[in-house]
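Note that this is a predicted model, so its numbers are computed, not measured. Worth knowing before you read on, the calculation uses all heavy atoms, side chains too, and leaves out hydrogens, waters and symmetry mates.
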Amino acid sequence: MTEFKLLGKDFFERDALSVARDLLGKVIEVTDGTGCCSAVITETESYSGFEDKASHAFGGKVTDRNRVMYGEAGIIYVYLVYGMHVLLNIVTGDVGFPAAVLIRSALPKEGMDLMAERRFKKRPDQLTVKELASLAKGPGNLTKALGITMEDYGRQINKIYGQKSIAFIDSAYTPEYLSSKRIGVDYAKEWAQVPWRFSIRDGFSKF
DNA sequence: AGTATGATGGACT
DNA sequence: GTCCATCATACTA
């Protein structure tokens with residue numbers, strides 16, 4: 001009998017940096033018509049406020065894509081980059097203040113068969129070591145493995161929509177972590193340098 | 001209505 | 001380290 005509790009709206013109703021850091025070691029669990037899978041969150045990034053040049057909401061910009069960043073905490077903000085990758089964010093903080101946490105990587109926990117099928121059309125025992133290690137590593141790989149799609153846009157976490165739900169589960173695990181520069185935002189100049197990326201210190205990362 | 005580009009990932013040198 | 005697939009979105013006009 002596993003005791004678990006969902007991370008409520010209050011968890012996400014805080015500043016994006018705290019949420020990003022505290023999300024490390026927590027579990028994301030996705031259920032859809034094909035089944036259920038979960039993974040331990042190992043890497044996140046925060047995007048916060050009007051001044052953050054790396055944020056889609058920089059300068060208070062509002063578009064059809066980024067609109068939910070101004071919404072209530074716990075809303076799912078997904079978008080497509082490079083014409084092919086879906087990236088998962090959770091909105092944080094107060095309504096009207098644009099902020100979100102990007103989930104970049106996770107360690108597969110349950111539902112390996114689903115994740116292996118979605119990523120490589122293979123059974124888990126057919127995966128190479130490289131494939132296994134990269135199952136949910138990287139924001140694009142993570143959403144593909146977990147089955148997160150654009151249809152999840154604007155939905156609330158921990159709620160069921162038809163057969164689909166994206167839940168966040170608490171954990172007593174509070175890992176040592178590292179902070180570093182955010183990835184892929186060099187265009188944001190000085191805002192590309194702020195240490196708003198968080199990752200579990202696993203002893204293997206070279207940071 | 002035309003164009004530039006990206007909160008990536010994989011292949012390759 | 002370099003190249004590039006691929007297309008919705010944001011921006012220019």
Under 4.0 Å protein heavy-atom contacts per nucleotide of nucleotides 2-13 of chain C, with B for base, S for backbone only and - for none: ---BBBSSSS--
Atom of A/Met150, atom of A/Tyr79 and distance for their closest heavy-atom approach: SD-CA, 3.7 Å
Atom-pair distance (CZ on A/Arg104; P on B/dA7), nearest Å: 11 Å
Distance test, side-chain N/O of A/Arg197 to OP1/OP2 of B/dA7, below 4.0 Å: no
Aromatic ring pairing A/Tyr82/A/His85, orientation class (parallel under 30°, perpendicular over 60°, tilted between): perpendicular
For A/Asn66 against A/Ala57, the heavy-atom pair lying closest together: ND2-CA, 3.9 Å
Any residue of residues 115-142 of chain A with a heavy atom less than 4.0 Å from an atom of DNA chain C: none
Mutual orientation of the aromatic rings belonging to A/Phe50 and A/Tyr70 [parallel < 30°, tilted 30-60°, perpendicular > 60°]: tilted
Nearest-0.5 Å distance that lies between atom CG in A/Leu178 and atom OG in A/Ser199: 5.0 Å
Contiguous Watson-Crick or G-U pair runs (3 or more, under 3.5 Å) in DNA chain C: B:1-6 with C:7-12, B:8-12 with C:1-5
Spacing of the C1' atoms in C/dG1 and B/dA7 (rounded, Å): 22 Å
Salt bridge (charged side-chain N to carboxylate O under 4.0 Å, His left out) pairs, two or more places apart, involving residues 181-191 of chain A: A/Asp52-A/Arg182
Centroid-centroid under 6.0 Å between A/Phe168 and A/Phe12 rings: yes
Touch class at under 4.0 angstrom, heavy-atom based, for A/Leu102 against every strand present: base
Contacts of type salt bridge (Lys or Arg N to Asp or Glu O under 4.0 Å), residue A/Glu131, not counting sequence neighbours: A/Lys122
Gap separating the CG atom of A/Asp170 from the CG atom of A/Leu7, nearest 0.5 angstrom: 5.0 Å
Between A/Arg21 and A/Ser179: side-chain donor-acceptor atoms closer than 3.5 Å: no
Euclidean distance, atom CZ of residue A/Phe58 to atom P of B/dG6 [Å, nearest integer]: 15 Å
Spacing of A/Arg182 atom CZ relative to B/dG6 atom P, expressed in whole Å: 15 Å
Qualifying ring pair (Phe, Tyr, Trp, His ring centres under 6.0 Å) pairs with a residue from residues 127-167 of chain A, counting only residues at least two apart or across chains: none
